[in-house]
Visitor: 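Provided herewith is a single structure, encoded as structure tokens, for subsequent inquiry.
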Amino acid sequence: MSTPVDAVSSKIRHLSHIVLVNGGYVKGKYLLGQKETMKERTPLNRGERKKVTIQSLAPEGAGVSKDFGLPIFVEKVAVGDEALVEISEAKSNFARATLVEILTPSPDRIEPPCHLFDRCGGCQWQHLSYPAQLQAKADIIKQSFRHIAGLATDLTTDVMQPTIGAFEQFHYRNKVHFLAAPPGQGSAIKQQAKSTDNLELGYYEGASHNLVNIEHCPVQPATFDAVINLVRQLCRKHGILPYDGQKGLLRSVSVRHSQATGEILVTFVVHCDRHNLPKRIKEIAKEMVAQIPQIKGVCVNFHTKPDSRLYGDETMCISGQEYIVETIKSKEANCPERLSKGLVFQLSSTSFFQINSEQALTMLECIRKIVESFLKEKALAAQKVTLLDAYAGVGAIAFWLASSVNKVVAIEENLDAVADAELNLELNEIANVDIYPGKVEDALPELIKRGLRPQIVVIDPPRKGCTKEVLQAIIELAPELIIYVSCNPVTLARDLKIILSPNHQSMEGHRNHEDFGYKTKQILPIDLFPQTYHIESITVLERQFIHDEDGHMEEARAR
């Protein structure tokens, strides 16, 4: 019989050949919909104009039509739109098209509130009513689970919950990251620029590297508009040029603030080392702090490598403090006293924290209720339970759950986030959380050797999902409960296809090496990113052992 490691590696190698194409999966054919009936295929050619009806929205936000026997992806459309489109790319198994005209609008279509919506790639769904956005996000998760993880029969109404919407659908971001570029660089629609306008800040146009210069953004607080416009003004005044791949200094600017205090932290990402930082940057920082009192700190991040990372490896504070403090308080009546008072999180420039603080609280409370409900159902005493939090960031999930279990082991790779998490432990006087610095795929095998046997595992990976080593280690641990927090339903479904495969073999100490598997108990979408296609979700998996003659699974019992 193959080992759990061999089985996981084999399945992941199989999935690695699937390629994402504008929201659809292609492996010789279109997977998201390959089981659906399509019309007879009609050859499509670039430049042709076709009338189509939009049937669904894909994971990357584009609309999908199957009117000509293969999926045609179209941006900025709604389900139910009848539209005239122009084919921009035609392949054997999919096509892309640009929107020419809406012939009959969908009932879900609304007027976008932002005048830059047609160009800016920051938001993709401002043309959709908010109920339609929430439904589309749940539908995309269902698509991914059905066609990648094979969970069609499991997606009952008890399992698949409606998307939890945000109370604030605009002005919700607590952090933005604006890229820098010369005026009108590469843009087919150049803005009028004065001779002194040597820098623009904003987001890329959709599917391009053409920068959209942004002075006002409806999904960020008004104070961010003021900060970004002041940065642009002062950089132009002091002759700070954008880095264009060969020359120039400024790569990007990030702005983060605390919804609890209103404090703001600004970070310049520059293409130089700390020894060659121009003194003009410090003059700009001084002027910014003087003009906008909410700015409590200005930092510089040094990024000279030719890669697409947002930040380099070194950050230096040049004015004020190098962090801000966010406080998250529970609104639940029956919650631990620590949570009702609120947890304090120190956030530095590059450490990860959810960009929607209000919905982050919603997510944390959902996870806590899942854990406490599980403990009650399985009659597990909190003082006997260890919880593993992988990809822990600054410790938000670990700290929120610390009152519900005996011990939390938190793993985090980013050293700035680790430093913040360790300080946050002290600020919140939490004694039962151990923070383990390092990559999850490296740390887990070492912790297993040291005897780590958590009953509960929480994983919250980046968009690329988990590596095969992480999935392998989690299966070896065989926890009774797995809570997978995901910002990408496609990689979530890919990873769950591995975890949910039956006949994993338990390791030493787990019921005499009996085979086991996992059952999907709940899928809970939460909208942390209104007006965009981004989807956060919580998937709850419970361990089951296979022990009867027919190979049926029995729900896991407490050890």
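When reading the values below, keep in mind they use all heavy atoms of this one structure, side chains included, and skip hydrogens, waters and symmetry mates. Bear in mind the structure is a predicted one, so any value in this text is a computation, not a measurement.
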Visitor: Taking only residues two or more places apart in sequence, or in another chain, which ones meet Arg173 in a salt bridge (Lys or Arg N to Asp or Glu O under 4.0 Å)?
Guide: none
Visitor: Charged N to carboxylate O under 4.0 angstrom, Lys296 versus Glu263?
Guide: no
Visitor: Any side-chain heavy-atom pair from Leu343 and Phe345 closer than 4.5 angstrom?
Guide: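 Yes, side chains in contact.
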Visitor: Please tell me if the side chains of Ser56 and Gln143 come closer than 4.5 Å, counting only heavy atoms from C-beta onward.
Guide: yes
Visitor: Would you check if Phe145 and Leu492 make a side-chain contact, meaning some heavy-atom pair closer than 4.5 Å?
Guide: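 Of all side-chain heavy-atom pairs linking Leu492 with Phe145, at least one is under 4.5 Å.
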Visitor: Does any N or O in the side chain of Glu542 come within less than 3.5 Å of the main-chain N or O of Lys519, such that one atom is a donor and the other an acceptor?
Guide: no
Visitor: When you compare the side chain of Leu541 with that of Leu496, does any pair of heavy atoms fall below 4.5 Å?
Guide: yes
Visitor: How long is the straight-line distance from OG1 of Thr98 back to NZ of Lys76, given to the nearest 0.5 Å?
Guide: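 The OG1 atom of Thr98 is 12.0 Å from NZ of Lys76, to the nearest 0.5 Å.
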Visitor: For Phe374, which residues count as a ring-ring contact (aromatic ring centres under 6.0 Å, His included) partner, sequence neighbours excluded?
Guide: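 Result, ring-ring contact (aromatic ring centres under 6.0 Å, His included) vs Phe374: none returned.
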Visitor: What residues, two or more places apart in sequence or in another chain, satisfy side chain to side chain donor-acceptor pair (under 3.5 Å) together with Thr261?
Guide: Ser258
Visitor: Taking the side chain as every heavy atom from C-beta outward, state whether Asp67 and Thr53 have any pair of such atoms under 4.5 Å apart.
Guide: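 Yes - at least one pair of side-chain heavy atoms lies under 4.5 Å apart.
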Visitor: Does Asp307 come within less than 4.0 Å of Lys305, counting only side-chain N to carboxylate O?
Guide: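 Result for this pair is no, no salt bridge flagged.
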Visitor: Is the shortest side-chain heavy-atom distance between Cys235 and Leu250 below 4.5 Å?
Guide: yes
Visitor: Test of understanding: with ring-ring contact (aromatic ring centres under 6.0 Å, His included), list the residues that count as partners of Tyr204, not counting sequence neighbours.
Guide: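 So Tyr204 forms a ring-ring contact (aromatic ring centres under 6.0 Å, His included) with His209.
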Visitor: Output all residues satisfying salt bridge (Lys or Arg N to Asp or Glu O under 4.0 Å) with Arg49, sequence neighbours left out; order by chain, then residue number.
Guide: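 Salt bridge (Lys or Arg N to Asp or Glu O under 4.0 Å) check on Arg49 returns Glu86.
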Visitor: Within a strict 4.5 Å, meaning less than it, do heavy atoms of the Gln220 and Cys217 side chains meet?
Guide: yes
Visitor: What about the rings of Tyr311 and His303, do their centers lie closer together than 6.0 Å?
Guide: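 Here the rings of His303 and Tyr311 have centres that are no less than 6.0 Å from each other.
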Visitor: Do Leu179 and Leu201 come within less than 4.5 Å of each other through their side chains, counting heavy atoms only?
Guide: no
Visitor: Hey, is the main chain of Val269 close enough, under 3.5 Å, to the side chain of Ser252 for a donor-acceptor pair?
Guide: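 Such a contact is absent between Ser252 side chain and Val269 backbone.
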Visitor: Quick one: ring-ring contact (aromatic ring centres under 6.0 Å, His included) partners of His216, sequence neighbours excluded?
Guide: none
Visitor: Over all heavy atoms of both residues, which pair between Cys335 and Arg368 is shortest? Give the atoms and the distance, please.
Guide: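 Closest approach of Cys335 to Arg368, heavy atoms only: CB-NH2, 3.5 Å.
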Visitor: As an exercise, state the distance from CG of Asn301 to CZ of Arg309, rounded to the nearest 0.5 Å.
Guide: 8.5 Å
